[in-house]
Amino acid sequence: MVDQNSSPVGVADLRPTEEAIGTARSARRASPDAPLLAAVRGETPSRRPMWMMRQAGRSLPEYREIRKDVGMLDSCFRPDLLAEITLQPVRRHDADAAILFSDIVVPLKAAGVGVDIVAGRGPVLESPVRTADAVEALPVVDPSQLEAVVEGIGGILDELRDDQVLIGFAGAPFTLASYLIEGGPSKNHGVTKAMMYSQPQLWHALMDKLAPTVVRFLQVQIEAGADAVQLFDSWAGFLSLRDYREFVAPYSQKIIEAVRPYDVPVIHFGVNTGELLGEMAAVGPDVIGIDWKTPLDVAAQRVTASLTAAHEAGDLRVSAERRVRAIQGNLDPAILLAGPEVIGEQVRRVCREADRAVAAGDARGHIFNLGHGVLPETDPDAITRAFAEMHGQ
Ligand code: CP3
């Protein structure tokens, strides 16, 4: 297998200083025994940790109320709002983790890129990035442009219990690039993939430009006190394994390497990634997020098999001791619309599948989550019941 370490990504100089690592360590408030952190280390947590992607947002009346007169991106730059919205689901559902309320385009917006989030559609760019000039002109975010996020995180940490963790996040290269190149949400990511195939140099230049922004967005959150981070490559599942490996994986790997010295767990997640799981694990996250299509035990087994094969083939990214990770997932979000009985049964099934993965040695622990985000039409009481059901086991 190819040595992926030879890729030309220039994020190496963004590795944190000892001082920055110290700042991050003293900013973190969660106990090392918090269930999510214990599960990642492979210890038995005091209870199985659970959070839901998109737990903050439109399913909650208190969110709709507070966002009534404030634009989505404006709310991400208002420390009081981002703290309050992040905390709303944690209070209501007794979640084991808060996911920072923000968006994958926040660091681009902070850096001065013309982007807005259109309700019901998603991020829309003023002008798509499709030429060498546009890539050249794309700014890299400076940490000083993210002070509102830092302040908001301070407000969140003031309220979280010490057994609850704050998860920071960033969009990973393919997903971010897709919004930039397409100019908005896309059904098939055709323009993005066409650029990859026909102008690979331009694609790599864009990835090189984006990677430092992703790293800085993560670093700012970690230095402000995030206990873990999730790298969302939500749309990576549109790629074949071959293309993911060549065009995306080297950048995700460099991004994860650049935050590794902080020693906070990194979760990596995408949708429709059944074919990519081994490669997504090979880029080095501690936790692999699984969508709802692949049972957790099957997914974890695939990851082990793929990492073992890569290690045996001399893939330098995969060391022997990094073979087994925690898994996160993977209840179908639609199950939350199906009534209490179904929710109960399906929550128990997901836990059983996770337990099988752990028993087989394919994962050290399990973080319960959905297989993607909460659907906006979900009844918040159904979400609370799912949390209670899971915690009550
Ligand atoms: O609880 C959470 O998950 C909190 C924060 C969060 C949001 N976006 C809030 C949000 C996170 C982690 C994201 C990341 C994000 N943004 C991703 C990766 C995660 C994923 O869902 O796969 C992606 C692909 C985006 C881009 C994006 N932003 C989309 C596709 C949309 C939905 C558009 C719509 O209106 O349906 C957004 C907007 C957005 N981000 C909303 C929220 C709560 C809805 C906007 C609103 O409430 O008006």
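The analysis underlying the following values was restricted to heavy atoms, covering all of them including side chains, and did not include hydrogens, waters or symmetry mates. Note that ligands are numbered from 1 as they come in the structure, with each ligand's atoms numbered from 1 the same way.
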What protein heavy atom is closest to [atom], reported as residue, atom name and distance in Å?
atom	value
atom 30 (C) of ligand 1	Y179 OH, 3.4 Å
atom 42 (C) of ligand 1	M72 CE, 3.6 Å
atom 31 (C) of ligand 1	R54 NH2, 3.8 Å
atom 23 (C) of ligand 1	I104 CD1, 3.6 Å
atom 22 (O) of ligand 1	S234 OG, 2.4 Å
atom 34 (C) of ligand 1	R58 NH2, 3.4 Å
atom 6 (C) of ligand 1	S102 O, 3.4 Å

Presence of salt bridge, R48 and D355, under 4.0 angstrom
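Result for this pair is yes, salt bridge flagged.
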Cationic N near anionic O, under 4.0 Å, R349 to E353:
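Answer for the salt bridge query: yes.
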Which ligand 1 atoms does [X] reach within 4.0 Å, using its non-hydrogen atoms?
X	value
R67	46 (C), 47 (O), 48 (O)
G122	31 (C), 33 (C)
P123	26 (C), 27 (C), 28 (N), 29 (C)
I117	38 (C)
F232	12 (C), 18 (C), 19 (C)

Give the single entry among D103, L375, I167, L100 that approaches atom 37 (C) of ligand 1 most closely by any heavy atom.
D103
So between W235, F169, Y63, whose heavy atom ends up nearest atom 11 (C) of ligand 1?
F169
Look at the side chain of [X] and the backbone N and O of [Y], then say whether any donor-acceptor pair between them is shorter than 3.5 Å.
X	Y	answer
S75	L81	no
T273	L276	no
D103	L73	no

Determine, using heavy atoms of G120 and all atoms of ligand 1, whether some pair is separated by less than 4.0 Å.
yes
So, 4.0 Å and heavy atoms of H372: is ligand 1 close enough to count as a contact?
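In this structure, H372 qualifies as a contact of ligand 1 - some heavy atom is under 4.0 Å.
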Flag the pair R130 / V191 as yes when at least one side-chain heavy-atom distance between them is below 4.5 Å, and no otherwise.
yes
Taking the side chain as every heavy atom from C-beta outward, state whether E223 and E19 have any pair of such atoms under 4.5 Å apart.
no
Test applied, side chain to side chain donor-acceptor pair (under 3.5 Å); reference residue, D286; option that passes from R364, R325, R260
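Of the listed options, the one satisfying the test is R260.
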Go through the steps for V264 and R28 under the test side chain to side chain contact (heavy atoms under 4.5 Å, CB included), then give the verdict.
CA-CA 10 Å; V264 299; R28 293 199 283 276; 3.2 Å; yes
Start with the C-alpha gap between V303 and D362, add the side-chain angles, then the distance that decides, and say whether side chain to side chain contact (heavy atoms under 4.5 Å, CB included) holds.
CA-CA 8 Å; V303 169; D362 293 325; over 6 Å; no
